[in-house]
Amino acid sequence: MSKKPNPNRETKRSQNQASLPPQKDAYARLLSQHRSSKFSSYLEQYANDLSLQREGSGPSTLLKAQSDRLNIPQRKRDQVANDFSDSTNDSKKHQKQQKKNKDSNKDVAFKETNSLSGQPQSPKKAGATGQEQEKAKKSKKKNLPKHVEEEESREGTLTSGVDNQMSRPNASSPAAKSKKPTNKGGGSKKHVFESYMTFEEVSHGLKRGELIQGQIRINPKKYHEAFIPAPDDTRDIFLDGIVARNRALNGDIVVVKVLPREQWKTAKVSFLPIVVYIVEKKHSRAATGFLKFLPDKPFAMFSPMDHRVPRINVPLADCPEDFTFRSGDYTNTLFICRIINWAADSNFAEGQLAKTLGQAGEIEPETEGILTEYDIDCSEFSDEVLDCLPKNLPWNIPPEEMAKRRDLRKECIFTIDPATARDLDDALSCKQLPDGNFEVGVHIADVSYFVEEGNALDAIASKRATSVYLVQMVIPMLPRLLCEELCSLNPLTDRLTFSVIWKITPEGKILSEWFGRSVIRSCVKLSYDHAQSMINAPEKMFSAEELPPVDPVHPIDEVHQAVLNLHSIAKNLRAQRFSGGALRLDQLKLSFTLDKETMMPQGCYVYQYRDSNKLVEEFMLLANIATAHHIYRRFPELALLRRHPPPKTKMLDELQELCDQLGINVDFSSAGALHKSLNTALGDDEYSSARKEVLTHMCSRPMQMALYFCTGVLKEEQLFKHYALNVPLYTHFTSPIRRYADIIVHRLLASSLKCGPHLGLSTQQVEKQAAHCNDKKMLSKRVQELSSDLFFGVFVKECGPLDSEAMVMGVLDQSFDVLVLRYGVQKRIYCKSVAGLDSFHHRKVGKKSELTLVWAAEDPEKPRVEQVISVFTLVEVQLKSDSAPTKYSAVLKRPDDDGL
């Protein structure tokens with residue numbers, strides 16, 4: 001509930017504002033009115049770190065690197081970025097307006113683009129009349145911003161008291177000059193947000209170490225909390241409140257101002273990090289949500305389903321024709337809306353409806369909304385792209401191409417994939433040699449033969465960067481003729497491949513290595529189930545009916561023995577990796593069985609990662625590591641590799657403290673030590689695997705994402721290391737049908753072997769493509785998770801309620817998170833919504849957080865039941881559908897009278 005402003009206080013504030021520049025004035029108010037306890041504790045630690053940093057000799061190299069990165073994009077002279085632009089068709093509509101803004105204002109006006117670099121942006125409200133702005137202002141007095149309202153109702157108190165504050169713009173600023181007075185008193189409209197710094201100010205600030213650049217992450221469960229990584233990557237910088245993130249959306253690259261220590265006012269009122277510039281708008285600015293009719297307004301209110309996105313004012317002209325007089329018909333209709341502007345003087349963005357999706361809760365419109373929101377290109381491939389494919393079908397390998405390659409068609413080579421896979425891009429072979437050693441081959445689809453550098457097919461593949469796997473379908477990176485036919489290593493068909501072949505001992509020691517282009521003929525398409533059944537029954541004679549069709553040239557027994565030999569070698573390779581210090585953090589993955597006609601979920605299960613999966617994984621890792629070393633030796637300035645930075649030190653220290661308090665002996669000194677701890681520290685009772693899942697999840701929080709990079713840009717070889725695999729060099733070579741990074745690696749490999757043209761990209765272009773692949777991989781992963789969530793929500797609605805045991809993963813002051821053991825899903829349970837509770841109490845000692853739930857007595861003659869909730873507590877839950885479509889909750893079930 002919003003409070004009425006004190007008129008005396010408002011008068012004093014306006015007098016103070018009149019004498020100060022707007023930036024300092026708005027900032028001073030944020031400082032003086034900020035009262036977050038969590039933020040205060042964060043500040044204390046950060047203050048110490050910052051003072052130590054400032055005692056050093058000038059800005060760090062990392063800060064300089066940030067400034068250099070910011071200065072790279074020069075849009076007028078470098079249009080290469082457009083190849084990787086995620087901009088939508090809407091952008092063309094605004095080009096004239098953007099040009100007008102740019103010409104009329106040296107401080108570049110607010111633009112809506114999704115380009116790979118940004119220019120300074122001074123917010124300027126476009127397309128709203130003075131009357132509309134006045135109405136919007138009046139409505140703001142009645143309503144808090146959506147984020148604040150919902151957070152208040154959910155948690156009971158506001159974390160930040162500054163989210164709805166405003167400041168007066170500088171009368172001399174271009175933004176102020178462009179605005180006509182809209183208040184009755186004749187003054188200009190107050191700002192909710194800081195005006196952005198100019199490009200020059202940001203560049204200088206980064207060089208001096210006064211500003212910090214990074215990618216913003218907004219907490220999806222508490223959307224007033226946001227973070228960017230500190231320059232040394234050991235901790236996160238906390239941005240508290242919607243005003244602090246200053247119109248940046250999740251994933252954007254931003255610049256943050258952190259006041260130096262000497263400018264702090266008192267120990268009580270600390271510094272407030274705030275976004276002062278958006279370098280790159282990585283968020284698509286598209287959102288899925290619902291429309292609400294507002295009487296007497298020239299616009300409707302769009303409420304995004306993702307609460308990290310602001311509410312959006314949409315012109316009624318954009319809405320369906322009958323919306324104004326039949327708005328109730330659209331209560332459950334999903335729309336896609338795109339933000340086109342978010343002015344500094346408004347809590348609400350302005351947008352345009354892009355599409356009506358359909359009814360909420362139905363899989364098809366919900367899926368389309370997810371894909372649009374995360375900017376996944378699922379359009380048909382253009383004629384220009386399809387013209388790049390071979391015309392004469394069925395296609396055969398040209399004799400001149402066959403002559404250039406090693407012919408492996410007579411070898412016993414086979415694929416092992418999920419049963420439903422269509423894009424088969426890797427195959428294996430294993431032949432015992434007379435000396436007792438083995439010749440093991442990894443054979444990867446030669447996609448780069450079909451995707452020539454620089455043509456239309458290459459352009460669309462580089463832009464998509466990855467295939468996207470949903471529960472019910474795949475959105476391919478390449479046309480299906482390549483994915484499922486010409487490149488796919490289908491059985492009993494001649495296919496072009498890139499092979500790496502080793503001579504290897506039974507113990508897994510590599511004696512020799514060969515790379516080259518080849519031709520194979522897979523003798524059988526095995527599923528993981530088929531391979532697992534062979535591993536489980538080494539002595540069994542498999543019949544033809546038990547397996548897919550096998551090439552008669554290779555008896556079933558030959559294939560069976562090759563699988564057994566690969567399994568034996570893989571076990572040794574795996575043991576060596578983990579004894580050498582590797583780490584694997586396995587998290588539960590939900591899979592579904594679908595109705596073949598309706599594609600609705602019929603059942604679900606936790607996917608089992610078995611020996612057959614491990615077999616394939618070991619040889620793919622071996623091939624990727626070998627390829628990384630090979631291309632880096634040949635192209636030290638151009639190689640595209642994949643690095644995994646170590647976990648954030650601060651978060652790791654906090655987790656170590658928590659584990660110590662919980663009495664769990666976990667060694668975080670290295671990846672290998674952590675892996676060993678996870679497998680030995682949690683007992684051997686029936687719930688030890690559940691405790692391991694919970695601890696694995698806790699350990700994954702400090703972990704950073706693995707990243708593609710170009711070796712010519714990152715000069716220190718120590719930074720190339722892959723933390724989890726514990727190897728100095730790593731890359732992706734084994735999945736070129738579904739990952740564009742692998743295609744670049746194939747081109748580098750072909751060039752190094754003199755069996756392909758030299759890569760036509762510069763070091764900077766490889767780095768730019770690497771960054772784009774990182775972005776698309778992260779989006780693809782998130783879309784995959786949302787697709788799984790959607791299907792599970794539908795499953796709960798159709799088949800629920802569902803009962804399961806659950807284990808507590810984390811405890812907050814008014815809620816706790818659980819891992820639902822039967823389904824592998826994670827849910828948050830809010831104490832205030834638990835039926836039957838008399839009260840609850842929170843207590844925290846060190847890092848250990850604990851809730852005591854007091855259940856009302858079922859029998860007046862019996863005492864109330866107390867239930868203590870802490871990490872690893874076992875509880876009973878029931879999953880039930882919510883009133884919101886596809887959403888479900890975990891309902892805590894009452895414990896027995898003894899509290900168990």
Side chain to side chain donor-acceptor pair (under 3.5 Å), that's the test. Do D306 and Y223 meet it? Break it down for me. CA-CA 9 Å; D306 184 348; Y223 30 81; over 6 Å; no
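- Considering all non-hydrogen atoms of both residues, V474 and S467 come closest at CG1-CB, 4.3 Å.
- Checked by atom type and distance alone, the side chain of S462 pairs as donor or acceptor with a backbone atom of A459 at under 3.5 Å.
- Residues passing the side-chain contact (heavy atoms from CB on, under 4.5 Å) test with A300 are L291, L316, C319, F323, sequence neighbours excluded.
- Scanning all heavy atoms of the two residues, the minimum distance from S284 to T372 falls at OG-O, 4.1 Å.
- In this structure the side chain of Y740 reaches within 4.5 angstrom of the side chain of D458, judged on heavy atoms.
- With contacts defined as side-chain heavy-atom distances shorter than 4.5 Å, the pair Q472/T367 qualifies.
- No side-chain heavy atom of K292 sits less than 4.5 Å from a side-chain heavy atom of S303.
- Heavy-atom minimum distance, I216 versus L249: CG2-O, 3.3 Å.
- Salt bridge status for R217 with D236: present, with a side-chain N to carboxylate O gap under 4.0 Å.
- Nearest heavy atom pair, residue C773 against residue Y708, reads CB-CD1, 3.7 Å.
- Nearest heavy-atom pair, P310 versus P304, reported as atom, atom and distance to 0.1 Å: O-CG, 3.2 Å.
- A distance below 6.0 Å separates the ring centres of F227 and F238.
- Within the cation-pi definition used here (under 6.0 Å to the ring centroid, within 45° of the axis), R464 qualifies as a partner of F381.
- To the nearest 0.5 Å, the span separating OG1 on T356 from CG on L334 amounts to 10.0 Å.
- Taking the charged nitrogens against the carboxylate oxygens, K463 and D377 have no contact shorter than 4.0 Å, which rules out a salt bridge.
- Checking side-chain atoms of T466 against main-chain N and O of K777 turns up no donor-acceptor pair under 3.5 Å.
- Atoms OG1 and CZ, from T331 and R326 in turn, are 11.5 Å apart once rounded to the nearest 0.5 Å.
- Centroid-to-centroid, the aromatic rings of F348 and W342 stay 6.0 Å apart or farther.
- Side-chain contact between K257 and M197: present, with at least one pair of heavy atoms (C-beta onward) separated by less than 4.5 Å.
- A salt bridge links R285 with D252; the closest basic N to acidic carboxylate O contact falls under 4.0 Å.
- Remark: side-chain polar atoms of N341 are not paired, donor with acceptor, to backbone N or O of E350 under 3.5 angstrom.
- Looking only at side-chain heavy atoms (C-beta outward), T333 and F290 stay at 4.5 Å or farther from each other.
- When the side-chain contact (heavy atoms from CB on, under 4.5 Å) test is applied to A771, no partner is found at least two apart in sequence or on another chain.
- A donor-acceptor pair under 3.5 Å is absent between the side-chain atoms of H772 and the main chain of K768, judged by distance alone.
- Interatomic distance, CG of L353 versus SG of C337, reported as 5.5 Å (0.5 Å rounding).
- Residues R338 and V314 form no side-chain contact, since every pair of their non-hydrogen atoms from C-beta on lies 4.5 Å or further apart.
- Within the model, atoms CG of L371 and CD1 of I376 stand 6.5 Å from one another, a figure rounded to the nearest 0.5 Å.
- Checked by atom type and distance alone, the side chain of T886 never pairs as donor or acceptor with a backbone atom of V794 at under 3.5 Å.
- Between T288 and F335, every side-chain heavy-atom pair lies at or beyond the 4.5 Å cut-off.
- At least one side-chain heavy atom of I253 sits under 4.5 Å from a side-chain heavy atom of Q213.
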